[in-house]
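The analysis underlying the following values was restricted to heavy atoms, covering all of them including side chains, and did not include hydrogens, waters or symmetry mates.
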Amino acid sequence: SDNPQILRESLGDVIRRYPATAAAQWAEIVLADLAVSEGTDLMFVERGRAAERLQAAANAYGGVLAARPSGMLAERATFGLAKAREAIGQLEEARLGYAAVAREQASAGLKRLAAARAEALGRESTRQWYDWFAAQKITPPEPAATGSTPAASPDDKLFDKQ
């Protein structure tokens with residue numbers, strides 16, 4: 001769907017209607033993936049909101065993993081949790097998660113990506129970059145002055161991230 005809110009509501013419906021099923025777990029993973037995407041985007045705009053979205057994603061992936069899934073479901077939840085932890089700045093936990101996917105999971109594409117991320121997070125230069133980025137002062141943009149931009153169209157609401 002082009003509307004993230006409709007997508008979130010639809011996935012929430014799957015979770016409510018089919019609790020404790022693989023369908024509900026996949027819906028949780030997709031919702032967590034959306035939260036990671038939103039959180040990483042917000043890291044460049046508003047760090048507080050970014051941290052909230054990323055922690056919500058980590059919690060959702062952790063919830064899926066607590067049910068002890070197997071196969072691709074376990075792989076995606078473990079990879080997603082590592083990605084959320086990396087974005088939060090929990091680099092060692094992220095590295096261990098990526099390494100687990102690279103070591104234990106079957107999907108060749110994700111295995112290569114996870115191995116590359118684990119290797120990158122093991123380098124001092126990568127850790128230094130994350131330290132530098134964390135030290136940057138990111139503030140929300142100032143609202144535009146009244147009358148300086150055209151009025152928002154109803155379609156602009158489709159792109160609001162909540």
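By the 4.5 Å heavy-atom criterion applied to side chains, Gln136 and Arg47 are counted as neighbours. Contact check for Ile6 versus Ser10: side-chain heavy atoms found under the 4.5 Å cut-off. Within the 4.5 Å cutoff, side-chain heavy atoms of Leu110 are placed close to those of Arg76. Side-chain contact between Trp26 and Val14: absent, with no pair of heavy atoms (C-beta onward) separated by less than 4.5 Å.
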Quiz: residues 89-100 side-chain donor-acceptor pairs under 3.5 angstrom, not counting sequence neighbours:
unit_1	atom_1	unit_2	atom_2	d
Glu92	OE1	Arg95	NE	3.1
Glu92	OE1	Arg127	NH2	2.9
Glu92	OE2	Arg95	NE	3.4
Glu92	OE2	Arg95	NH2	2.6
Tyr98	OH	Glu86	OE1	2.6

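Classified by interplanar angle (parallel below 30°, tilted 30° to 60°, perpendicular above 60°), the ring pair Trp129/Trp132 is tilted.
No side-chain donor-acceptor contact under 3.5 Å links Thr78 to the backbone of Glu75. Between the side chain of Ser37 and the backbone N or O of Asp33 there is no donor-acceptor pair closer than 3.5 Å.
For the atom pair CD1 of Ile88 and CZ of Arg53, the computed distance is 11.5 Å after rounding to the nearest 0.5 Å. Note that CE of Met43 is 14.5 Å distant from CD of Glu38, once rounded to the nearest 0.5 Å. Between the CG atom in Leu34 and the CD1 atom in Ile29 there is a gap of 12.5 Å [rounded to 0.5 Å]. Once rounded to the nearest 0.5 Å, the distance linking CD1 of Ile15 with OG1 of Thr21 reads 9.5 Å. Rounding to the nearest 0.5 Å places CG of Leu31 at 6.5 Å from CD of Glu28.
Considering all non-hydrogen atoms of both residues, Ala57 and Ala35 come closest at CB-CB, 3.8 Å. Closest of all the heavy-atom pairs between Gln25 and Ala67 is NE2-CB, 3.2 Å. Here the closest non-hydrogen pair linking Ala58 and Leu81 is O-CD1, 3.5 Å. Annotation for Leu65 and Ala74: closest pair CD2-O, 4.0 Å, computed over non-hydrogen atoms.
Cluster membership check: Tyr130 does not share its hydrophobic cluster with Leu42, using side-chain heavy-atom separations under 4.5 Å among Ile, Leu, Val, Met, Phe, Trp and Tyr. Clustering ILVMFWY residues whenever any of their side-chain heavy atoms sit less than 4.5 angstrom apart, transitively, puts Tyr18 in a cluster other than the one holding Val64.
Residue-environment remark: CZ (Arg68) stays at or below the threshold of 12 foreign heavy atoms within 6.0 Å.
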